[in-house]
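Everything on this sheet refers to the single structure shown next.
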Amino acid sequence: MARRVAVVGGGSSGLACIKCCLDEGLQPVCFESSDDMGGLWRFKENPEADRASIYHSVIINTSKEMMCFSDFPIPAHFPNYMHNSLIMDYFRMYADHFQLTKHIRFNTKVLQVKQRSDFSQSGQWDIETENKEGKKEKHIFDAVMICIGHHCQPNLPLHDFPGIDTFKGQFFHSRDYKTPEQWRDKKVVVIGIGNSGGDIAVELSKVTKQLYLSTRRGAWILNRVGDNGLPLDMLFNRAIELLKNVLPFNFFSGLVESQLNKRFDHTLYNLKPQHRLFSQHPTVNDELPNRILSGTVQVKPNVRRFQGSSVEFDDGSVVEDVDLVVFATGYRFSFPFLASQVLSVSDNKASLYKYVFPHELQRHTLAIIGLVQPLGAIMPISEMQARWATRVFKGCAKLPSVVDMMKDIQCKKKTMAQRYVSSQRHTIQVDYISYMDEIAEQVGVRPSVPRLLLTDPRMGLNVLLGPCTPYQYRLGGPGKWAGARQAILTQWERVTQPLQTRPCPAAEPHRSFLWPLMVSAVVVAVAFYINRSKLPTFLQDPTELLERIKVFMPAL
């Protein structure tokens with residue numbers, strides 16, 4: 001019989017897990033507590049407890065070619081940076097194409113996941129669930145994949161803000177923000193300059209009387225639009241990743257920082273942090289500099305205290321009559337249905353081998369999928385983790401000893417502590433290409449650039465110098481997809497298609513006569529030099545000379 005695998009959560013990671021289970025001949029059952037798939041990306045006007053929630057205008061920060069699942073490209077006519085509704089459309093296409101929905105039990109909450117009494121031999125799990133009518137059920141599974149993400153429990157550190165209990169306006173976490181209209185002509189303070197804080201500040205500033213953006217450290221601001229108008233994340237490739245790993249950290253950071261400052265001087269805009277660019281998760285925001293330049297957003301330091309309707313900042317400045325404070329202060333993650341001896345979480349830190357497997361379990365039949373914060377897209381990473389986990393469950397891939405896994409965990413913690421600003425936000429950071437390659441190595445699907453350059457030079461150059469799109473991990477090995485090569489060769493066509501919405505007449509090619517004239521001049525000079533002894537004769541009758549020159553002249 002096929003091994004039964006429980007998938008907890010029906011968001012992007014959960015869908016990838018169902019698909020990977022089916023690919024490996026496993027039998028998945030996905031438990032989704034709400035009435036639909038999509039997880040974080042499904043907008044709902046009223047946030048549900050213990051569930052991720054987004055605001056109406058959210059557009060993803062990673063481009064479609066970088067965020068898609070590796071064997072299912074996003075349609076060419078979709079925009080490069082998609083609104084959350086289009087992301088949901090893509091998920092439904094993916095689920096329909098691979099017939100995933102029939103494996104999902106909606107409106108079913110997981111109450112408990114615990115090891116069976118014979119776990120050391122069977123590796124099995126007891127799972128208790130509850131449906132929307134309150135009916136509880138118990139199940140036995142051979143393996144479990146947890147895909148609940150890390151945006152469920154808002155971090156609202158009110159104890160860090162003296163006087164908040166006296167504040168006369170409204171305040172809430174960014175999770176509860178939906179639309180800006182009700183705050184028209186109000187004064188608003190947004191605390192936090194991450195992606196949500198930046199987006200909300202920009203959107204509110206278009207309707208508010210004044211928007212104040214409070215940041216403790218500042219931030220480096222990236223633009224979605226890269227050189228020549230191309231998606232920024234498609235301009236990074238394996239060659240640049242190699243340079244990043246070879247060059248000194250501060251030198252490489254400085255190179256990229258100088259490019260960012262060409263767009264706008266972060267010091268001039270009071271945004272430059274003390275840390276280097278790659279020492280914090282960067283903020284992606286195309287409009288923030290424009291809003292600051294227009295005065296609709298004022299950058300402020302950290303909040304010192306609240307008093308009544310006023311807000312005092314660390315620089316001593318005070319803003320009176322504040323109507324709303326939005327705490328864009330991140331999230332905490334935990335797994336309340338798991339016993340602490342299976343996996344404990346403290347200060348957003350969990351001990352997981354390569355961010356996937358609890359290292360101390362006797363049988364490796366539990367995987368945490370999508371618990372990373374990548375400098376890049378999350379969907380392909382979750383899919384790669386799921387490909388690895390399902391092969392481990394199936395016995396096709398082995399994990400190292402507990403000692404070796406612990407060494408890897410400690411090494412990653414040390415590296416992260418050395419690189420990143422100390423924060424609960426920086427406990428699950430990964431770099432997209434290096435982490436994808438690391439997990440792909442475990443699966444046996446990491447592309448070999450030298451081999452490709454020898455056997456398929458065109459593809460090798462695309463893999464080395466082109467964007468590291470997810471299709472690269474379907475070129476060979478387990479799960480090889482016959483369409484991967486063509487998907488890579490046509491990826492730029494899918495980038496340009498949604499931009500070509502106005503027919504433009506092709507410009508007439510301008511023919512330059514400069515090079516023919518220069519070559520002709522050289523030919524004439526050489527001809528004169530070779531036949532210099534016969535020059536007097538040629539001057540009397542130049543016909544012979546012209547005939548000789550004409551042989552070498554380029555056709556005009």
Side-chain angles (χ1 to χ4, degrees), residues 11 38-61 83-84 87 148-161 164 167 169-184 186-208 210-219 221-222 271 280-288 291-292 296-303 306 311 313 319 322-334 348 373 378 423-426 428:
L40 170 69
W41 295 103
R42 182 164 58 89
F43 172 77
K44 292 199 75 172
E45 191 70 42
N46 299 309
E48 300 171 3
D50 299 323
R51 288 188 54 79
S53 182
I54 56 174
Y55 38 99
H56 184 269
S57 62
V58 167
I59 292 175
I60 198 166
N61 288 332
H83 183 263
N84 58 84
I87 296 173
I148 62 173
H150 50 93
H151 292 95
C152 294
Q153 300 174 15
N155 178 45
L156 196 59
L158 298 182
H159 57 274
D160 292 338
F161 297 92
I164 187 65
F167 183 58
Q170 284 188 246
F171 67 86
F172 51 70
H173 191 269
S174 57
R175 176 182 181 273
D176 297 312
Y177 171 79
K178 297 301 168 187
T179 57
E181 282 305 316
Q182 71 182 99
W183 306 108
R184 183 172 294 277
K186 306 292 185 181
K187 284 187 181 180
V188 177
V189 174
V190 175
I191 298 175
I193 198 173
N195 288 321
S196 294
D199 280 353
I200 293 171
V202 164
E203 183 167 272
L204 281 170
S205 72
K206 297 175 182 178
V207 301
T208 54
Q210 184 62 59
L211 191 291
Y212 302 91
L213 178 57
S214 169
T215 170
R216 184 186 310 168
R217 299 189 183 95
I221 310 297
L222 302 184
L271 287 174
Q280 185 182 35
H281 194 83
T283 298
V284 179
N285 197 298
D286 299 80
E287 297 185 67
L288 183 58
R291 306 311 298 177
I292 296 173
T296 55
V297 170
Q298 288 189 21
V299 179
K300 288 288 189 179
N302 198 40
V303 171
F306 291 90
V311 179
F313 299 93
V319 175
V322 174
D323 300 289
L324 170 68
V325 176
V326 180
F327 287 90
T329 45
Y331 294 82
R332 294 174 287 106
F333 64 82
S334 66
N348 273 14
Q373 182 76 43
I378 181 66
S423 167
Q424 70 169 20
R425 186 185 185 192
H426 298 130
I428 50 175

Handout entry: Geometric class of the Trp183/Phe172 ring pair [parallel <30°, tilted 30-60°, perpendicular >60°]
Key = tilted
Fill in the blank from the handout: Nearest heavy-atom approach of Pro282 to Asn195 is O-OD1, 3.9 Å
Exercise for the section: Over 60° means perpendicular and under 30° means parallel, so classify the ring planes of Tyr212 and Phe313, tilted if in between. Expected result: tilted
Handout entry: Pairwise distance NE2(His173) to CG(Leu158) - rounded to 0.5 angstrom
Key = 10.0 Å
Practice task
Compare all side-chain heavy atoms of Val303 with those of Val325 and state whether any distance is below 4.5 angstrom.
Solution key: no
Exercise for the section: For the pair His83 (side chain) and His56 (backbone), establish whether a donor and an acceptor sit closer than 3.5 Å, ignoring hydrogens and angles. Expected result: yes
Problem - Separation of Glu181 CD from Leu204 CG (nearest 0.5 Å) - result: 10.0 Å
Practice task
Would you mind reporting whether Tyr331 and His150 have side-chain heavy atoms less than 4.5 Å apart?
Solution key: no
Practice task
For the residue pair Phe161 and Phe327, establish whether any side-chain heavy-atom pair is separated by less than 4.5 Å.
Solution key: yes
Problem - Stepwise side-chain contact (heavy atoms from CB on, under 4.5 Å) test for Phe171 and Phe306 - result: CA-CA 12 Å; Phe171 67 86; Phe306 291 90; over 6 Å; no
Practice task
Supply the atom-to-atom distance Ile54 CD1 to Ile87 CD1, rounded to the nearest 0.5 angstrom.
Solution key: 7.5 Å
Exercise for the section: State whether the number of non-hydrogen atoms from other residues, nucleotides or ligands found under 6.0 Å of Arg216 atom CZ is greater than 12. Expected result: no
Problem - Ser196 side chain to Ala328 backbone, donor-acceptor under 3.5 Å - result: no
Exercise for the section: Using atom types as modelled and distance alone, determine if a side-chain donor or acceptor of Asp323 lies under 3.5 Å from a backbone N or O of Gly169. Expected result: no
Exercise for the section: Would you check if Asp160 and Asn302 make a side-chain contact, meaning some heavy-atom pair closer than 4.5 Å? Expected result: no
Fill in the blank from the handout: CG (Leu271) and CZ (Arg217) are apart, to the nearest 0.5 Å, by 15.0 Å
Problem - Which atom of Ala219 lies closest to which atom of Ile193, heavy atoms considered - result: CB-CG2, 3.6 Å
Exercise for the section: In sequence, state the C-alpha distance, the side-chain angles, and the governing distance for Leu324 and Thr208, and then conclude on side-chain contact (heavy atoms from CB on, under 4.5 Å). Expected result: CA-CA 10 Å; Leu324 170 68; Thr208 54; over 6 Å; no
Exercise for the section: Keeping the roles fixed (side chain from Ser214, backbone from Val190), state whether a donor-acceptor pair exists under 3.5 Å. Expected result: no
Exercise for the section: Take Leu288 and Thr283 through the side-chain contact (heavy atoms from CB on, under 4.5 Å) test and state the conclusion after the steps. Expected result: CA-CA 10 Å; Leu288 183 58; Thr283 298; 5.7 Å; no
Practice task
Say whether, by atom type as modelled, one donor and one acceptor occur between the side chain of Asn155 and the main chain of Arg332 under 3.5 angstrom.
Solution key: no
Fill in the blank from the handout: Nearest heavy-atom approach of Ser57 to Asn84 is C-ND2, 4.2 Å
Exercise for the section: Apply side-chain contact (heavy atoms from CB on, under 4.5 Å) to Asp199 and Tyr55, showing your working. Expected result: CA-CA 10 Å; Asp199 280 353; Tyr55 38 99; 3.0 Å; yes
Problem - NZ/Lys186: more than 12 non-hydrogen atoms of other groups inside 6.0 Å - result: no
Exercise for the section: Run the salt-bridge test on Lys206 and Glu203 with the 4.0 Å N-O cut-off and return the result as yes or no. Expected result: no
Problem - Heavy-atom side-chain contact between Phe333 and Ile148 under 4.5 Å - result: no
Exercise for the section: Could you tell me whether a side-chain N or O of Gln298 sits under 3.5 Å from a main-chain N or O of Leu213, the two making a donor and an acceptor? Expected result: no
Exercise for the section: For the residue pair Asn348 and Ile428, establish whether any side-chain heavy-atom pair is separated by less than 4.5 Å. Expected result: no
Handout entry: Short side-chain donor-acceptor distance under 3.5 Å, Arg175 and Ser53
Key = no
